[in-house]
Amino acid sequence: MKKGVVVLGSLILALAFCVPAVAQPSSRAVETFVIDNFDTPDNMDWTWDVQASRFITKGYPIAKSFEGIPNSLRPYHKDTDPAAQVLGVKVAYDRKGDNWFEVYPKDKNGNAYEIPFYGTVTQADFWVWGANYNYNLEFLVRDSYGCVRSLPAGNLKFQGWKNIVINIPGWISQHSTLRDGRHQLTFVGFRVRSNANEAVDNFVIYFDQLKYTTNTLSNIYDGYDLNEADFGDKGAGTAE
């Protein structure tokens, strides 16, 4: 009799671990999104621009698209795809020192535009072409409190293409707890800063394949759509 009880208990325990997965809603849905591969600039909601610090040489900075692609990405580029392009930037300064420039997206009206991330971002990565100058690269995002955060993306003292991967730290708030707060992290741009002793008269850099990895379900909950319900009270509480 004891043997039968043991067998029955084992069967019940086994069934408990065989509950269909659909009965356990997942809060994780990891996806990768390409922000810009720079191949179709005319089809995007934004263009790219560059601004620089005060000692920039007249006529600079310059942002321009060029045909090109990192060799590691060539196997993924099909003959039917648009011609592969990269974003290039050239700068020159009148003197050495704490020089910097920022590469950022702007909308069709020429205003600075911040590209929204979806879900909770865990990583961002992109390809960058270094000219072997002792410059440092920063990745700029705006958190849910409206603060711009600068994430170090490494030193540019290398030649040719390199894939840069940035982990988004957990201390960066990506979703506001307020209904009227910011619900998405946004991409602000890239910042490049020169070393005070490095040459500054002929610097170039290229970017390609900007993308990010995110958990798209992290901020979705049962009844999420009701968060934006219209109560017909727009304008209520405002002074006449």
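All values below come from the heavy atoms of this structure, side chains included, with hydrogens, waters and symmetry mates left out. Model, not experiment: these values are computed from the prediction.
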**Asked** Hey, mind stepping through F101 and I205 against side-chain contact (heavy atoms from CB on, under 4.5 Å) and telling me if it holds?
**Response** CA-CA 11 Å; F101 65 91; I205 189 172; 4.0 Å; yes
Quick one: does [X]'s side chain get under 4.5 Å of [Y]'s, heavy atoms only?
{"X": "V200", "Y": "Y135", "value": "yes"}
{"X": "K90", "Y": "N202", "value": "yes"}
{"X": "Y212", "Y": "I168", "value": "no"}

From [X] [atom1] over to [Y] [atom2], what is the distance, rounded to the nearest 0.5 angstrom?
{"X": "E198", "Y": "F203", "atom1": "CD", "atom2": "CZ", "result": "9.0 Å"}
{"X": "R142", "Y": "I172", "atom1": "CZ", "atom2": "CD1", "result": "12.5 Å"}
{"X": "D36", "Y": "I115", "atom1": "CG", "atom2": "CD1", "result": "6.5 Å"}
{"X": "W129", "Y": "F158", "atom1": "CH2", "atom2": "CZ", "result": "9.5 Å"}
{"X": "T122", "Y": "I166", "atom1": "OG1", "atom2": "CD1", "result": "12.5 Å"}
{"X": "S65", "Y": "L87", "atom1": "OG", "atom2": "CG", "result": "6.0 Å"}

Check for a donor-acceptor pair, side chain of [X] on one end and backbone N or O of [Y] on the other, with a separation under 3.5 Å.
{"X": "T57", "Y": "A92", "answer": "yes"}
{"X": "Y93", "Y": "W100", "answer": "yes"}
{"X": "D143", "Y": "Y145", "answer": "yes"}
{"X": "Q174", "Y": "V121", "answer": "yes"}
{"X": "N155", "Y": "N136", "answer": "no"}
{"X": "N195", "Y": "N197", "answer": "yes"}
{"X": "N99", "Y": "R95", "answer": "yes"}
{"X": "Q209", "Y": "W127", "answer": "no"}

Quick one: do [X] and [Y] end up in the same hydrophobic cluster if we chain Ile, Leu, Val, Met, Phe, Trp and Tyr together by side-chain heavy atoms under 4.5 Å apart?
{"X": "V141", "Y": "V148", "value": "no"}
{"X": "I164", "Y": "Y104", "value": "no"}
{"X": "I35", "Y": "V128", "value": "yes"}
{"X": "L210", "Y": "L140", "value": "no"}
{"X": "I62", "Y": "V103", "value": "yes"}

Give the minimum heavy-atom separation between [X] and [Y], together with the two atoms involved.
{"X": "P75", "Y": "S72", "value": "CD-O, 3.6 Å"}
{"X": "D39", "Y": "Q85", "value": "OD1-N, 2.8 Å"}
{"X": "D208", "Y": "G68", "value": "OD2-O, 4.5 Å"}
{"X": "S53", "Y": "D98", "value": "OG-O, 4.4 Å"}
{"X": "N163", "Y": "F126", "value": "ND2-O, 3.0 Å"}
{"X": "F38", "Y": "F207", "value": "CD1-O, 3.7 Å"}

**Pairing of K108 and D45 as salt bridge, 4.0 angstrom limit** =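 Looking at D45 together with K108, the answer is no, because their closest N to O distance does not fall below 4.0 Å.
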**Prompt:** So, do F139 and F187 have ring centers that fall under 6.0 Å from each other?
**Reply:**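 Distance test on ring centres: under 6.0 Å, yes.
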**Fill in**
Given the options T32, N37, D125, K211 meets side-chain hydrogen bond (donor to acceptor under 3.5 Å, both in side chains) only with D125
**Request:** Might you confirm whether atom NZ of K64 has over 12 heavy atoms from other residues, nucleotides or ligands at distances under 6.0 Å?
**Result:**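 No, NZ of K64 has 12 or fewer neighbouring heavy atoms, counting only those of other groups under 6.0 Å.
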**Item:** Verdict with reasoning, F33 to T214, per side-chain contact (heavy atoms from CB on, under 4.5 Å)
**Value:** CA-CA 8 Å; F33 293 94; T214 181; 3.6 Å; yes
**Fill in**
residues 74-83 vs side-chain hydrogen bond (donor to acceptor under 3.5 Å, both in side chains), sequence neighbours excluded, gives N71-R74
**Message:** Walk me through whether W161 and I69 qualify under side-chain contact (heavy atoms from CB on, under 4.5 Å).
**Reply:** CA-CA 9 Å; W161 288 107; I69 189 174; over 6 Å; no
**Request:** Begin from the C-alpha positions of F190 and V89 and carry the test side-chain contact (heavy atoms from CB on, under 4.5 Å) through to its verdict.
**Result:** CA-CA 11 Å; F190 300 101; V89 174; over 6 Å; no
**Message:** The criterion is salt bridge (charged side-chain N to carboxylate O under 4.0 Å, His left out); which residues satisfy it with D49, sequence neighbours excluded?
**Reply:** K106
